S.K.: 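What follows is a structure written as structure tokens; I'll ask about it next.
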Number of protein chains: 2
Amino acid sequence: MRVSAGRDQPSRAVTLRDVARLAEVSTATASKALNGRPDVNPGTRARVLAAAERLSFSPNAMARGLSAGRSGTVGLLTSDLEGRFSLPILMGAEDAFGADRTSLFLCDARGDAIREQHHLRALLSRQVDGLIVVGARPDSRRSLGPNLPVPVVYAYSPSQDAADLSIVCDNVAGGRLAVDHLLACGRTRIAHITGDPGYGASHDRARGARDRLAEAGLELVGDGVWFGSWTESWGRRATRLLLEQTRELDAVFAGSDQIARGVLDVLQEEGLRVPEDVQVIGFDNWEVIAGESRPALSTVDMQLEALGRRAAQSLTAAIAGNPGAGTVELGCRVVQRDSTTPRGNDRDLPPRPG
Amino acid sequence: MRVSAGRDQPSRAVTLRDVARLAEVSTATASKALNGRPDVNPGTRARVLAAAERLSFSPNAMARGLSAGRSGTVGLLTSDLEGRFSLPILMGAEDAFGADRTSLFLCDARGDAIREQHHLRALLSRQVDGLIVVGARPDSRRSLGPNLPVPVVYAYSPSQDAADLSIVCDNVAGGRLAVDHLLACGRTRIAHITGDPGYGASHDRARGARDRLAEAGLELVGDGVWFGSWTESWGRRATRLLLEQTRELDAVFAGSDQIARGVLDVLQEEGLRVPEDVQVIGFDNWEVIAGESRPALSTVDMQLEALGRRAAQSLTAAIAGNPGAGTVELGCRVVQRDSTTPRGNDRDLPPRPG
DNA sequence: TTGTAAGCGTTATCAT
DNA sequence: ATGATAACGCTTACAA
């Protein structure tokens with residue numbers, strides 16, 4: 001039975017030597033047997049395995065790492081844990097590394113460069129095999145530098161250095177997708193209310209929206225893009241302003257679910273029915289917002305968990321000697337709820353010419 | 001200059017031997033000098049420090065840990081990263097351990113006991129010095145068991161084993177506080193709409209509310225507690241049902257901010273002004289909900305970040321040989337916004353008798 | 001197939 | 001004050 005330092009009498013941990021002794025072999029043989037090396041007599045292996053089992057042997061990862069020269073750990077350096085975008089990315093990464101028997105060190109720099117350096121040092125000193133830098137906003141960030149002893153992957157916020165590998169969300173494609181969906185719902189008079197113009201993502205999403213509209217020979221209604229802030233109250237205010245300017249609209253693409261929620265409220269206060277009169281699509285697929293609004297909000301999902309997984313896989317590849325470079329943009333998908341209503345589903349019909 | 005395995009030619013990492021060689025001392029002396037031991041000649045120490053600096057020496061934490069028998073790491077075992085309650089706790093813990101030069105391994109069991117066991121093994125194999133188990137809901141959970149080789153602190157979800165140390169939020173006190181605040185706002189006809197009756201926290205908060213009311217010689221309006229689910233839509237539905245039953249109420253205590261938000265919406269749809277006619281207080285202080293509702297929502301804050309810090313401190317103490325046991329309940333505080341309006345501030349007046 | 005022995009990078013003990 | 005030397009627990013040549 002394993003003993004406890006927590007409450008019972010503390011006792012030496014079980015080591016490979018204990019296992020070897022019990023199985024009556026050398027530590028070298030015990031090591032080989034446990035690590036599935038081929039040059040071990042099946043009978044011997046069985047004895048070793050049984051001994052390890054009986055003693056509940058668990059190899060000391062530090063010792064193993066020390067001799068192997070790799071720790072089997074990676075550092076997750078986030079800029080802002082509070083931001084709700086980091087979380088799904090962390091989860092995706094955690095998931096992907098789990099399969100890999102790689103453990104994660106979590107560090108939160110709280111948006112402070114000093115603290116980031118501090119954590120970076122700590123992580124390197126812990127001999128992490130690689131780093132994932134998770135940004136808080138979709139805009140680019142300073143590189144950690146080209147001279148690190150381990151590979152780095154930037155997730156969500158791309159690195160400014162093109163020689164680094166970054167995995168980000170394709171906001172232009174996201175914007176396209178949103179408008180595409182509204183067009184598929186039969187809407188043509190589409191307005192776009194979005195967040196902080198200081199964010200690259202605002203402009204990217206707007207560009208995707210405009211591009212898709214242009215392809216359909218259309219333009220944004222309401223005299224261009226309404227930039228503001230990523231809040232519900234801006235969504236409300238912008239909608240009021242928009243309606244003062246024109247009521248000739250049949251859909252709104254909101255740059256975030258929070259904004260969309262404000263849009264929904266004011267549209268309905270103003271007597272417009274959603275989705276009958278005006279359809280609304282958001283961005284983020286933030287369940288508690290999108291799922292609980294009235295009506296439930298259709299939205300664009302950035303698939304951040306997949307982004308985290310992808311970042312983990314890329315890092316694993318880089319650690320294995322296959323580094324990447326440049327910025328990889330991952331796609332979004334539409335999650336349809338009740339604020340948009342696609343026209344009759346064409347999937348079963350033969351493709352139309354053109 | 002430090003060289004890179006990432007993009008430049010890889011080269012051996014700098015070790016203590018390199019530093020010692022450059023400073024022309026033995027590794028033993030170099031170690032003492034760098035670790036601030038007293039028995040080192042100031043001149044020698046300066047030479048060593050300079051050498052370490054020049055080589056950007058960073059000690060290998062695995063080697064150090066192997067030799068010291070402690071890793072300087074702890075495991076953070078969460079049941080559900082998605083849940084928004086884990087996050088602030090993680091941040092608090094991260095913060096507290098940061099001061100301590102302790103690094104955190106992050107593991108998410110996703111509510112699965114098998115996965116939890118798997119992670120537990122991995123963490124022990126990594127020689128963590130202790131564990132924090134962060135629950136997803138405030139109800140108690142199975143203990144990890146009494147026979148672990150390292151101390152454990154349970155945060156948010158207490159362990160069912162009273163011999164374990166758990167740090168949780170005092171929901172009874174939170175409920176009291178909410179009602180206390182409404183009373184201080186001059187309200188006496190208070191209804192309580194809360195979430196899932198399967199959660200202990202629902203009952204605890206309700207009990208706190210009732211206790212405080214009883215002390216004031218009052219009872220809940222609306223025929224007792226309205227249990228349901230932790231959603232906005234339940235908040236809306238419950239409010240409609242409540243208003244059908246009675247309009248003789250001047251305040252609502254909602255069991256969560258999401259519920260409160262639904263309450264706010266329906267009260268106002270029904271022509272009641274908030275806070276003039278009915279005041280509303282929520283629970284959680286979930287900024288994006290409470291801060292963006294109309295009017296902005298007063299609410300009870302569980303101070304989860306402080307809880308995380310406290311858990312970290314307790315674990316540090318336990319690792320140092322001062323284990324604790326039992327359940328520690330931490331207090332809440334009211335965050336006042338616009339959905340409640342306290343009467344004239346009495347703080348500057350002399351205390352009233354009684 | 002098995003065992004011996006030399007590391008991995010650090011700290012601690014104990015001479016000097 | 002300084003320096004050999006032996007751990008710490010594991011892997012891996014290399015020898016037997």
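In what follows, every chain begins at residue 1, and chains take the letters A, B, ... in the order their sequences are listed. In this text the structure is predicted, and so the values were computed from the model without any measurement.
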S.K.: Does a side-chain N-to-carboxylate-O contact under 4.0 Å join B:Arg310 and B:Glu305?
M.R.: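 Between B:Glu305 and B:Arg310 there is no salt bridge, as every charged N stays at least 4.0 Å from the carboxylate O atoms.
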S.K.: Any carboxylate oxygen within less than 4.0 angstrom of a Lys/Arg side-chain nitrogen, looking at B:Asp112 and B:Arg110?
M.R.: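 A salt bridge is absent here (no side-chain N lies under 4.0 Å from a carboxylate O).
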S.K.: Thinking salt bridges, do B:Glu116 and B:Arg141 make one under a 4.0 Å N-O criterion?
M.R.: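 Looking at B:Arg141 together with B:Glu116, the answer is yes, because their closest N to O distance falls below 4.0 Å.
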S.K.: What residues form a side-chain hydrogen bond (donor to acceptor under 3.5 Å, both in side chains) with B:Thr102, not counting sequence neighbours?
M.R.: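 Applying side-chain hydrogen bond (donor to acceptor under 3.5 Å, both in side chains) to B:Thr102 gives none.
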S.K.: So, is B:Thr27 near the phosphate of C:dG9, with a side-chain N or O under 4.0 Å from OP1 or OP2?
M.R.: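 Result: no.
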S.K.: Checking B:Arg126 against A:Ser103 for the side chain to side chain donor-acceptor pair (under 3.5 Å) test, could you report, in this order, the C-alpha distance in whole Å, the side-chain angles of both residues, the deciding distance, and whether it holds?
M.R.: CA-CA 9 Å; B:Arg126 297 225 177 260; A:Ser103 296; 2.6 Å; yes
S.K.: Any side-chain N or O of B:Thr29 under 4.0 Å from OP1/OP2 of D:dG3?
M.R.: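 For D:dG3, OP1/OP2 do have a side-chain N/O of B:Thr29 under 4.0 Å.
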S.K.: Any chance CD of B:Glu24 has more than 12 other-residue heavy atoms, nucleotides or ligands included, within less than 6.0 Å?
M.R.: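 At most 12 heavy atoms, drawn from other residues, nucleotides or ligands, come within 6.0 Å of this atom.
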S.K.: Please list, chain by chain and in numerical order, all residues satisfying ring pair (Phe, Tyr, Trp, His ring centres under 6.0 Å) with B:Phe97, sequence neighbours excluded.
M.R.: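 Once residues adjacent in sequence are excluded, B:Phe97 has no partner under the ring pair (Phe, Tyr, Trp, His ring centres under 6.0 Å) criterion.
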S.K.: Give the rounded distance in Å between these two atoms: CZ of B:Arg70 and P of C:dT11.
M.R.: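 In whole Å, C:dT11 P lies 14 Å from B:Arg70 CZ.
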S.K.: What is the separation between atom CZ on B:Arg47 and atom C1' on D:dA1, rounded to the nearest whole Å?
M.R.: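 Going from B:Arg47 (CZ) to D:dA1 (C1'), I get 12 Å.
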S.K.: Going by heavy atoms closer than 4.0 Å, what residues in residues 30-39 of chain B are next to DNA chain D?
M.R.: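 Heavy-atom cutoff 4.0 Å gives B:Lys32, B:Asp39.
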S.K.: Thinking salt bridges, do A:Arg137 and A:Asp139 make one under a 4.0 Å N-O criterion?
M.R.: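 A:Asp139 and A:Arg137: salt-bridged.
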S.K.: Measure from the side chain of A:Asn41, starting at C-beta and using heavy atoms only, and say which of C:dA5, C:dT1, C:dG3 lies closest.
M.R.: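 Side chain of A:Asn41 sits closest to C:dT1.
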S.K.: My understanding is that only residues two or more places apart in sequence, or in another chain, count here; which of them pass ring pair (Phe, Tyr, Trp, His ring centres under 6.0 Å) with B:Phe57?
M.R.: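 For B:Phe57, no residue satisfies ring pair (Phe, Tyr, Trp, His ring centres under 6.0 Å) once neighbours in sequence are set aside.
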S.K.: Looking at A:Asp18 and A:Arg12, is any side-chain nitrogen of the basic one under 4.0 Å from a carboxylate oxygen of the acidic one?
M.R.: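 Salt bridge present between A:Arg12 and A:Asp18.
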S.K.: Pick one: which of B:Ile319, B:Val153, B:Ile132 meets side chain to side chain contact (heavy atoms under 4.5 Å, CB included) with B:Ser314?
M.R.: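 Output: one option passes, namely B:Val153.
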S.K.: Between A:Ser26 and C:dG3, is there a contact of a side-chain N or O with OP1 or OP2 at under 4.0 Å?
M.R.: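 For C:dG3, OP1/OP2 do have a side-chain N/O of A:Ser26 under 4.0 Å.
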S.K.: Where do N or O atoms of nucleotides 6-9 of chain D meet protein N or O atoms at under 3.5 Å, pair by pair?
M.R.:
from: D:dC8; atom 1: O2; to: B:Ser67; atom 2: N; distance (Å): 3.3
from: D:dG9; atom 1: N2; to: A:Ala63; atom 2: O; distance (Å): 3.3

S.K.: For the helix from C:dT1-D:dA16 to C:dT16-D:dA1, what is the angle between the axes at its two ends, each from 5 pairs, rounded to 10°?
M.R.: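 So the angle between the two local helix axes works out to 50°.
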